[in-house]
Amino acid sequence: MPEGHTLFRLAADLQSAFGDRQVSATSPQGRFSESAALIDGRLVESAESAGKHLFLRFDNEQILHVHLGLIGGFRIASAPVSPPVGQVRLRLVGPSSYADLRGATTCELISAAELEEILARLGPDPLRSDADPERGFARLHKSGKSVGALLMDQRVLAGVGNIFRAESLFRARLHPLTPGNRISRRRWNALWTDLVALMAYGVETGRIDTVRSEHEPEVMGREPRVDKHGGEVYVYRRAGLACHVCGTRVKTQVLEGRNLYWCSTCQRRR
DNA sequence: TCAAGATGATCAG
DNA sequence: TGATCCTCTTGAT
């Protein structure tokens, strides 16, 4: 589930497994062999995430940059090491655990300057303590594109994906086709504050739960139902089903190649 | 057993 | 806007 909270957890897990330890690095698939040789046997100094990007710093100034994309995965397992299964782009092996990277959109070694360029391109990440939500508002507010499209733009908000988009807009009672330049600062601040809480909860639990009684008085007392993606949500992938709050059937539409979900009663166009 | 679709982003045209 | 990367889960057959 590669939204920002997944990468944040992954970075913490990699730090725990390999931080301050020497690792062997190989590319069983072969596509990353030359680069893997440059970090083979080196010490992992730190692992961190920014939005959906993952960075591992090594003690020879090499930085591993990974973006999982839609289908990628980076799985950590305990020793003993098993033979690689499938297309393993990169395998890291530490003293007590190992990790296999598959299907990633990006797996490359970069310099500190290139890392800074990537961070500069990204909008504020609700999970990072150094995030400045004002930068996101500035980008959102000058665009006539829909807020549904802008929330998926990593230059506006880093780490928000299709689930957090659908759910945060529902919770804000905002119609996804509202133009960004019609979003007030007050509404943006509320959206940001909610995303900070939702994503932090995702880091804590490893799942996306947005229907929570402490946030939503109207659903208190109702038995929670876990959806197929592992959490409970209001609208995401619930097209044609009744809205948990008002009973209206949840709508769906493809927006810029991605499926959008919303309740036309709770999220009226203004 | 197999095909389709998905939590993403980039590039060519 | 469509193709591409090429994994994993789900649902249909």
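Chain letters run A, B, ... following the sequence lines, proteins first and then strands; every chain starts at 1.
Judged as a salt bridge (Lys or Arg N to Asp or Glu O under 4.0 Å), and not counting sequence neighbours, the contacts of Asp153(A) are Arg155(A). The salt bridge (Lys or Arg N to Asp or Glu O under 4.0 Å) check on Arg128(A) picks up Glu48(A), Asp130(A), with sequence neighbours excluded. Taking Arg187(A) as the reference, nothing meets the salt bridge (Lys or Arg N to Asp or Glu O under 4.0 Å) condition, with sequence neighbours excluded.
Taking atom P on both dC5(C) and dC2(B), the two are 23 Å apart, rounded to the nearest angstrom. Comparing dG11(C) with dT7(B), their P atoms are spaced 15 Å from each other, to the whole Å. Atom P of dG5(B) sits at a distance of 15 Å from the matching atom of dG2(C), rounded to the whole Å.
Between Ile71(A) and His67(A), the one whose closest nucleotide on DNA chain B sits nearer the 5' end is Ile71(A).
Every pair passing ring-ring contact (aromatic ring centres under 6.0 Å, His included) that includes a residue from residues 247-270 of chain A is listed here, sequence neighbours excluded: His175(A)-Trp262(A), Tyr236(A)-Tyr261(A).
The distance from atom CG of Leu68(A) to atom C1' of dC5(C) is 13 Å, rounded to the nearest whole Å. Distance CD1 (Ile163(A)) to C1' (dA6(B)): 10 Å, rounded to an integer number of Å. In this structure, OH of Tyr261(A) is placed 11 Å from C1' of dT7(B), rounded to the nearest angstrom. As a whole-Å value, the separation of Leu122(A) CG from dG8(B) P is 14 Å. In this structure, the CG atom of Leu260(A) is 13 Å from the P atom of dG8(B), given to the nearest Å. One atom, CD1 of Ile208(A), and another, P of dA6(B), lie 16 Å apart when rounded to the nearest Å. The interatomic distance linking Leu70(A) (CG) with dG8(B) (P) rounds to 7 Å, in whole Å. The distance from atom CG of Leu101(A) to atom C1' of dT7(C) is 11 Å, rounded to the nearest whole Å.
Of the possible polar contacts, none joining the Asn259(A) side chain to the Thr252(A) backbone as a donor-acceptor pair under 3.5 Å is found.
Using a 3.5 Å distance cut-off with no hydrogens or angles, the side chains of Ser111(A) and Glu114(A) do pair a donor with an acceptor.
Using a cut-off of 4.0 Å between Lys/Arg side-chain N and Asp/Glu carboxylate O, Asp59(A) and Arg42(A) are scored as salt-bridged. Ion pairing between a basic and an acidic side chain is recognised when a charged N comes within 4.0 Å of a carboxylate O; Arg238(A) and Glu232(A) show no such pairing.
Within 6.0 Å of the CD atom in Gln253(A), the count of heavy atoms belonging to other residues, nucleotides or ligands exceeds 12.
Checked against dT9(C), dA6(B), dA9(B), the side chain of Lys52(A) finds its nearest nucleotide in dA9(B). Residue Arg237(A) places its side chain closer to dA6(B) than to any other of dA6(B), dT7(C), dT9(C).
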Apply side chain to side chain donor-acceptor pair (under 3.5 Å) to the pair Arg165(A) and Asn162(A), showing each step before the final yes or no.
-> CA-CA 5 Å; Arg165(A) 162 176 77 169; Asn162(A) 209 6; 2.8 Å; yes
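Stem regions annotated for DNA chain C: B:1-6 with C:7-12, B:8-12 with C:1-5, counting only runs of 3 or more consecutive pairs of Watson-Crick or G-U type with both contacts under 3.5 Å.
Across residues 149-162 of chain A, not one residue has a non-hydrogen atom less than 4.0 Å from an atom of DNA chain C.
Distances shorter than 4.0 Å separate some side-chain N or O of Arg258(A) from OP1 or OP2 on dG8(B).
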